[in-house]
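Naming convention: chains lettered A, B, ... in sequence-line order (proteins, then strands); numbering from 1 in each chain.
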Protein chains: 2
Amino acid sequence: MKKAHGKLIFGTFLKDRGLRFTKERSVILQKTLSCSGHFDPESLYLQIREAGLKASRASVYRTLSILCECGLIERVKKTERGTIYENMFGHEHHDHMLCIQCGNLIEFYSEELERLQEALCKKQGFQGTGHNLEIRGYCRKCRKKKR
Amino acid sequence: MKKAHGKLIFGTFLKDRGLRFTKERSVILQKTLSCSGHFDPESLYLQIREAGLKASRASVYRTLSILCECGLIERVKKTERGTIYENMFGHEHHDHMLCIQCGNLIEFYSEELERLQEALCKKQGFQGTGHNLEIRGYCRKCRKKKR
DNA sequence: ACATTAATTGAGAATGAGTCTCAATTACAA
DNA sequence: TTGTAATTGAGACTCATTCTCAATTAATGT
């Protein structure tokens with residue numbers, strides 16, 4: 001159901017621009033939507049190969065860009081190991097806390113935070129279209145371990 | 001005055017770890033502290049060469065890492081064109097708004113935002129050590145141009 | 001001042017993510 | 001089914017960054 005919906009969004013987006021819904025794009029879309037959280041292009045590519053499906057690295061990169069444009073996924077951040085994407089379909093907007101000990105990425109959302117940011121933008125005459133907040137530190141588990 | 005102080009911090013940091021205060025590190029420190037805002041390793045390297053000073057790319061990269069560790073600079077973000085650093089010495093903490101039209105990076109600070117984040121961390125049992133907020137959108141100038 | 005020694009340097013090779021090229025393939029409208 | 005422009009994939013390429021290692025040098029003790 002979710003997948004069908006994602007497919008519809010993607011299909012419409014492609015048609016609107018005279019782009020084609022190829023087998024490769026379909027495979028990449030599917031695998032992307034089946035990622036429940038964050039992912040990176042290389043893992044996605046390997047996952048596709050392991051599943052016996054067909055799509056080149058080049059196509060993976062190309063398709064991820066299109067998926068970003070149509071809002072189904074988002075580039076969360078660039079790291080030393082490459083870009084981290086996130087499946088946005090069915091996910092609400094949220095921000096992240098990154099544990100610098102175990103690398104765990106915790107999602108959170110605060111309405112108050114959103115409102116405050118809007119207010120700050122207004123003060124600067126800035127028209128915000130999106131944001132990225134990453135709080136670094138130690139998660140509950142790692143704090144305990146440190147003792 | 002500021003430079004001398006930065007030098008002291010760096011020198012102490014190096015000595016504490018049995019590292020050496022070489023000519024190259026001194027040059028890189030100086031040029032880094034004379035950057036008033038954001039910079040990237042390649043520009044810094046070119047600036048050094050243009051000034052007739054001596055330090056290889058390798059040393060620039062190596063030294064920037066050390067300067068990060070001792071808190072004199074910070075890695076602000078990674079882009080498709082490389083890492084953006086920021087001179088932290090004498091700068092207060094602040095967040096950024098990035099204009100996706102002209103690429104301008106606007107600094108801002110909000111006490112309320114800091115407090116709110118602390119509260120959010122507490123709620124998650126997370127011990128925050130720092131954060132990175134980037135609000136994307138259109139700056140005042142670019143908004144006017146768009147009309 | 002000088003020797004000792006381990007840290008540092010730099011040139012260029014290596015790495016790795018991501019993009020580009022272009023001939024062969026294929027989706028899709030008519 | 002056909003025509004045609006979009007797409008694909010293998011591998012070349014780019015570009016930031018790291019690594020290698022022989023030569024150099026800072027810092028310490030005498």
Terminal helix-axis angle for the helix from C:dA1-D:dT30 to C:dA30-D:dT1, with five pairs defining each axis and rounding to 10 degrees:
40°
Okay, side chain of B:N87, backbone of B:C35: is any donor-acceptor separation there less than 3.5 Å?
yes
Can you tell me the distance, in whole Å, between the CD1 atom of A:I84 and the P atom of C:dA17?
13 Å
I would like to know whether B:Y45 and B:Q47 meet side-chain hydrogen bond (donor to acceptor under 3.5 Å, both in side chains); could you show each step before the answer?
CA-CA 5 Å; B:Y45 170 68; B:Q47 216 179 301; over 6 Å; no
Figure out the OH/C1' separation between B:Y61 and C:dG10, and round it to whole Å.
15 Å
Is A:S59 close enough to D:dG9 that one of its side-chain N or O atoms is under 4.0 Å from OP1 or OP2 there?
yes
Find out whether B:E74 and B:H93 are in side-chain contact, i.e. whether some heavy atom of one side chain is under 4.5 Å from a heavy atom of the other.
no
5'-most contact on DNA chain D (nearest-nucleotide basis), B:A58 vs B:G82, goes to B:G82
Under the side-chain hydrogen bond (donor to acceptor under 3.5 Å, both in side chains) rule, what do B:E107 and B:H91 come out as? Steps first, then yes or no, please.
CA-CA 11 Å; B:E107 303 183 351; B:H91 285 229; 4.7 Å; no
Nearest nucleotide by nearest heavy atom, which residue falls closer to the 5' end of DNA chain C, B:Y45 or B:R25?
B:R25
Between A:E42 (CD) and C:dT19 (P), how many Å, whole number?
13 Å
Could you walk me through whether B:L44 and B:T32 pass side-chain contact (heavy atoms from CB on, under 4.5 Å), step by step?
CA-CA 7 Å; B:L44 190 70; B:T32 292; 3.6 Å; yes
Output yes when at least one side-chain N/O atom of A:K23 is less than 4.0 Å from OP1 or OP2 of C:dT26, else no.
no
How many Å lie between CD on B:E24 and P on D:dA23, as a whole number?
18 Å
B:T83 side-chain N/O to D:dA16 phosphate OP1/OP2 under 4.0 Å
no
Spacing of A:R57 atom CZ relative to D:dC13 atom P, expressed in whole Å:
18 Å
Please step through salt bridge (Lys or Arg N to Asp or Glu O under 4.0 Å) for the pair A:E42 and A:R57, ending with a clear verdict.
CA-CA 8 Å; A:E42 182 66 12; A:R57 265 195 194 79; 2.9 Å; yes
Tell me, which of residues 70-80 of chain A have any heavy atom that sits under 4.0 Å from an atom in DNA chain D?
none
Please name all residues satisfying side-chain hydrogen bond (donor to acceptor under 3.5 Å, both in side chains) with B:R75, sequence neighbours left out, ordered by chain then number.
B:Y85
Expressed as a whole number of angstroms, how long is the span from B:I66:CD1 to D:dT18:P?
12 Å
By side-chain hydrogen bond (donor to acceptor under 3.5 Å, both in side chains), A:T83 pairs with (sequence neighbours left out) A:K78
Kindly write out the residues that satisfy salt bridge (Lys or Arg N to Asp or Glu O under 4.0 Å) with B:K77, not counting sequence neighbours, or none if the list is empty.
B:E134
Using a strict cut-off of less than 4.0 Å between a Lys/Arg side-chain nitrogen and an Asp/Glu carboxylate oxygen, indicate whether A:R17 and A:E69 qualify as a salt bridge.
yes
Can you give me the N/O atom pairs linking the protein to nucleotides 28-30 of chain C at distances under 3.5 Å, or say none if there are none?
{"from": "C:dC28", "atom 1": "OP1", "to": "A:F21", "atom 2": "N", "distance (Å)": "3.1"}

What is the distance, rounded to the nearest whole Å, between atom CZ of B:R49 and atom P of C:dG10?
10 Å
Under 3.5 Å, is there any donor-acceptor pair linking the side chain of B:R62 to the base of C:dG10?
yes
Gap between atoms NZ and P, on B:K54 and D:dA23 respectively (whole Å)
16 Å
Using 30° and 60° as the class limits, which term best fits the ring planes of A:H96 and A:H94: parallel, tilted or perpendicular?
perpendicular
Taking the side chain as every heavy atom from C-beta outward, state whether A:I73 and A:F89 have any atom pair closer than 4.5 Å.
no
